[in-house]
Amino acid sequence: MRLNISTLWRSFKLGALLLAIAVPAHAAERAIDKEIVVPTGLDAAWAAWTTRDGITSFFAPDALIDARVGGAFHIYINPLAEPGMKGADDMRFLAVQPKQMISFDWNAPPSLPEARAQRTFVIVRFAAVDDKNTKVTIHHVGWGNGGEWDKTFTYFDRAWGNVLANMKKRFETGPTDWTAWLAQLKKMADDAAPKK
């Protein structure tokens with residue numbers, strides 16, 4: 001039996017083509033991608049994500065921020081809650097590239113305890129559009145399958161859009177006033193407390 005190189009090469013190319021068509025459906029990882037241009041310079045956009053004052057100006061009423069690799073990136077959506085239930089408790093910076101990129105681990109909200117026990121990963125990038133505008137992008141990956149993962153993905157697909165809109169609003173009209181939010185949280189806590 002004589003091997004025909006031309007026939008083998010065509011068979012190889014056909015196999016490679018079929019593999020290339022079949023693999024991408026499974027190769028791409030599920031991700032949330034959001035971006036916005038905020039009306040502020042790069043320095044202020046960077047500070048909004050890497051300082052406590054910045055985070056509390058648009059993201060949450062309280063935070064513990066230590067912008068270094070391994071440093072705290074604790075975002076307290078509900079600062080009145082018990083430790084571990086305040087929001088993004090015990091998160092940390094994974095990478096810090098000044099005025100370019102931060103990444104941090106992230107958890108699900110307390111209402112999704114199965115997914116909350118795991119961690120996902122967020123990358124936030126900063127790019128100056130000009131002296132008065134900065135593009136901020138969010139890339140959120142590390143999603144599991146089944147259980148509460150689909151609910152968690154849906155939650156953050158909406159939530160990251162809101163976070164970026166709040167950031168833009170912060171630079172258009174000023175920092176977020178958390179007074180009404182904190183009053184609502186206090187009322188919920190009081191209503192849930194055992195009556196004496």
Side-chain angles (χ1 to χ4, degrees), residues 28-36 38 45-98 100-126 136-170 175-176 178 180-182 184-189 192-193:
E29 181 172 359
R30 181 163 60 159
I32 295 172
D33 290 295
K34 305 286 183 184
E35 74 175 50
I36 198 164
V38 292
W46 175 258
W49 282 86
T50 59
T51 66
R52 181 188 176 280
D53 287 345
I55 290 291
T56 60
S57 75
F58 77 99
F59 199 138
D62 200 7
L64 176 62
I65 304 297
D66 182 8
R68 61 180 175 81
V69 174
F73 191 74
H74 306 179
I75 309 296
Y76 302 134
I77 306 298
N78 181 355
L80 306 177
E82 295 294 319
M85 303 301 280
K86 295 176 184 260
D89 305 63
D90 301 321
M91 300 302 100
R92 68 188 187 287
F93 283 96
L94 301 173
V96 178
Q97 296 173 7
Q100 294 178 36
M101 184 273 288
I102 59 172
S103 67
F104 45 88
D105 61 340
W106 200 247
N107 62 0
S111 61
L112 298 164
E114 179 185 317
R116 187 172 175 81
Q118 301 293 318
R119 293 293 184 266
T120 54
F121 307 94
V122 179
I123 300 166
V124 181
R125 294 191 183 275
F126 306 83
V136 179
T137 61
I138 291 178
H139 180 68
H140 190 169
V141 295
W143 303 99
N145 296 309
E148 295 177 344
W149 284 109
D150 288 341
K151 289 180 185 175
T152 305
F153 184 90
T154 299
Y155 175 89
F156 282 112
D157 191 37
R158 183 185 72 252
W160 286 124
N162 291 337
V163 167
L164 289 179
N166 288 344
M167 182 184 185
K168 183 176 182 181
K169 183 178 174 187
R170 180 265 174 268
T176 300
W178 297 103
W181 174 255
L182 291 169
Q184 179 183 353
L185 293 174
K186 182 167 182 355
K187 181 178 181 336
M188 288 176 14

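This is a predicted model, so every value here is computed, not measured.
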So, are D89 and R116 salt-bridged, with charged N and O less than 4.0 Å apart?
yes
Do W181 side-chain atoms and A60 backbone N/O form a donor-acceptor pair below 3.5 Å?
no
Before you tell me yes or no, could you show the steps for R30 and D157 under salt bridge (charged side-chain N to carboxylate O under 4.0 Å, His left out), namely the whole-Å CA-CA distance, both residues' side-chain angles and the distance that decides it to 0.1 Å?
CA-CA 11 Å; R30 181 163 60 159; D157 191 37; over 6 Å; no
Short N-O contact, R119 and D90, less than 4.0 angstrom:
no
Donor-acceptor pairs under 3.5 Å, side chain of residues 158-170 to any protein atom, not counting sequence neighbours: which ones?
| residue | atom | partner | partner atom | Å |
| --- | --- | --- | --- | --- |
| W160 | NE1 | H140 | ND1 | 2.7 |
| N166 | ND2 | N162 | O | 3.4 |
| R170 | NE | S57 | OG | 3.2 |

Using the side-chain contact (heavy atoms from CB on, under 4.5 Å) rule, take F59 and I77 through it: C-alpha gap first, then chi angles, then the decisive distance, then the call.
CA-CA 8 Å; F59 199 138; I77 306 298; 4.2 Å; yes
Minimum heavy-atom separation for F73 and W49, please, with both atom names.
CE1-O, 3.5 Å
Do the non-hydrogen side-chain atoms of T50 and I102 ever get within less than 4.5 Å of each other?
yes
State, with a plain yes or no, whether a side-chain heavy atom of P175 is found less than 4.5 Å away from one of D53.
no
For A63 versus T56, what's the shortest heavy-atom pair and its separation?
N-CG2, 4.2 Å
Output for pair (E148 CD, L112 CG), nearest 0.5 Å, gives 5.0 Å
For R52 and D66, indicate whether the former's side chain and the latter's backbone hold a donor-acceptor pair under 3.5 Å.
no
All heavy atoms of I138 vs all of V122, minimum pair found to be CG2-CG1, 3.9 Å
For the residue pair W143 and F156, does the interplanar ring angle fall in the parallel (under 30°), tilted (30 to 60°) or perpendicular (over 60°) class?
tilted
CZ-CG distance between F121 and L94, expressed to the nearest 0.5 angstrom
6.5 Å
Heavy-atom pair with the smallest gap, counting every atom of G147 and E114:
CA-OE2, 3.4 Å
Provide the full list of side chain to side chain donor-acceptor pair (under 3.5 Å) pairs with a residue in residues 100-113, sequence neighbours left out, each pair given once.
R92-D105
Can you establish whether the number of heavy atoms outside W178 located under 6.0 Å from its atom CH2 is more than 12?
yes
Going through the distances and angles, do L80 and K186 end up as a side-chain contact (heavy atoms from CB on, under 4.5 Å)?
CA-CA 7 Å; L80 306 177; K186 182 167 182 355; 4.0 Å; yes
Under the side-chain contact (heavy atoms from CB on, under 4.5 Å) rule, what do F126 and V136 come out as? Steps first, then yes or no, please.
CA-CA 5 Å; F126 306 83; V136 179; 4.1 Å; yes
CD/Q97: more than 12 non-hydrogen atoms of other groups inside 6.0 Å
yes
Once rounded to the nearest 0.5 Å, what's the spacing between atom CD1 of I55 and atom OG1 of T176?
11.0 Å
Inter- and intrachain pairs under side chain to side chain donor-acceptor pair (under 3.5 Å), touching residues 69-79, at least two apart:
H74-Y76
Which pair of non-hydrogen atoms, one from A31 and one from H139, has the smallest distance, and what is that distance?
CB-CE1, 3.6 Å
What are the two closest heavy atoms between T152 and A115, and how far apart are they?
OG1-CB, 3.2 Å
Separation between CD1 (I65) and CZ (F104), nearest 0.5 Å, reads 9.0 Å
Taken to the nearest 0.5 Å, the spacing of D150 CG from N145 CG works out to 7.5 Å
